[in-house]
Amino acid sequence: QLEEVGGGVGFADMVFVPRKASRRSLLVIELKKDASPEEAIAQIKAKKYFQPYLAREEEILLIGVAYDSADPDKRHRCVIEEVERIN
């Protein structure tokens, strides 16, 4: 069973944390119904769901996925942004 993952303020819908030996990206995912993927990304940033992972070396990708419940095909839209770190 998967649960929402705490981070920053509140909970991200999903966080995929790669194994230490992996060169994969860390993914922070927010899902939205009747909203935009941009709103999902804005929520990730506003609530800083990625904050607990900033000390890790891999890139962090923020992923907003959304769909309109009135759409009979339930097509989803997605936006992906990389967290920019200040060194």
Side-chain angles (χ1 to χ4, degrees):
Q1 177 179 0
L2 299 174
E3 298 180 10
E4 291 184 327
V5 177
V9 178
F11 298 91
D13 286 328
M14 286 184 267
V15 176
F16 293 93
V17 180
R19 294 185 177 138
K20 288 280 186 184
S22 173
R23 296 184 82 90
R24 296 190 171 128
S25 302
L26 188 144
L27 310 176
V28 180
I29 303 169
E30 183 65 26
L31 309 170
K32 289 287 182 194
K33 174 182 169 186
D34 297 327
S36 71
E38 292 83 7
E39 290 173 282
I41 294 285
Q43 179 177 326
I44 293 170
K45 290 177 178 178
K47 295 192 175 187
K48 300 180 181 177
Y49 294 155
F50 56 89
Q51 191 78 32
Y53 309 103
L54 287 175
R56 295 180 61 99
E57 292 182 14
E58 59 270 289
E59 73 178 348
I60 299 173
L61 298 179
L62 311 180
I63 303 172
V65 179
Y67 76 97
D68 180 352
S69 63
D71 179 358
D73 296 324
K74 301 289 188 264
R75 288 176 289 223
H76 289 66
R77 292 182 46 230
C78 178
V79 170
I80 301 172
E81 290 186 18
E82 184 177 350
V83 171
E84 292 186 34
R85 294 187 172 129
I86 300 171
N87 293 329

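For the single chain, residues carry numbers from 1 onward in sequence order.
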Worksheet item: Side chain of D71, backbone of D73: donor and acceptor closer than 3.5 Å?
Response: yes
Worksheet item: At what distance, to the nearest 0.5 angstrom, does CG of L62 lie from CD of E30?
Response: 11.0 Å
Worksheet item: Would you call K32 and E38 a salt bridge, taking side-chain N to carboxylate O under 4.0 Å as the test?
Response: no
Item to complete: Quick one: list whatever passes side chain to side chain contact (heavy atoms under 4.5 Å, CB included) with E84, sequence neighbours left out.
Response: none
Discussion item. Run the side chain to side chain contact (heavy atoms under 4.5 Å, CB included) test against R56 and tell me which residues pass, sequence neighbours left out.
Written reply: V17, P18, K20, L26, Y53, E58
Worksheet entry | Minimum-distance pair of heavy atoms, taken over all atoms of A35 and A66 | O-CB, 3.1 Å
Worksheet item: Rounded to the nearest 0.5 Å, how far apart are CD1 of I41 and SG of C78?
Response: 7.5 Å
Worksheet item: Is D34 reaching over with its side chain to a backbone N or O of D68, donor-acceptor style, under 3.5 angstrom?
Response: no
Item to complete: Drop me the distance from K48's NZ to L54's CG, to the nearest 0.5 angstrom.
Response: 10.0 Å
Discussion item. Let's go through Y49 and Q43 carefully: what are the C-alpha distance in whole Å and the side-chain angles of both, what is the deciding distance for side chain to side chain contact (heavy atoms under 4.5 Å, CB included) to 0.1 Å, and is it a yes or a no?
Written reply: CA-CA 9 Å; Y49 294 155; Q43 179 177 326; 2.9 Å; yes
Discussion item. Under 4.0 Å between a side-chain nitrogen and a carboxylate oxygen: does that hold for K45 and E81?
Written reply: yes
Practice prompt. For the residue pair D13 and I29, establish whether any side-chain heavy-atom pair is separated by less than 4.5 Å.
Written response: no
Worksheet item: Is the closest side-chain heavy-atom distance between F50 and I44 below 4.5 Å?
Response: yes
Item to complete: Find the distance between CD1 (I63) and CG (L27) and round it off to the nearest 0.5 Å.
Response: 4.5 Å
Item to complete: Could you pull out the closest heavy-atom pair between A40 and G64, with the gap in Å?
Response: CB-CA, 3.6 Å
Practice prompt. Tell me, please, which residues at least two apart from K74 pass side chain to side chain contact (heavy atoms under 4.5 Å, CB included).
Written response: Y67
Discussion item. Can you tell me how far apart CD1 (I60) and CD (Q51) are? Round to the nearest 0.5 Å.
Written reply: 9.0 Å
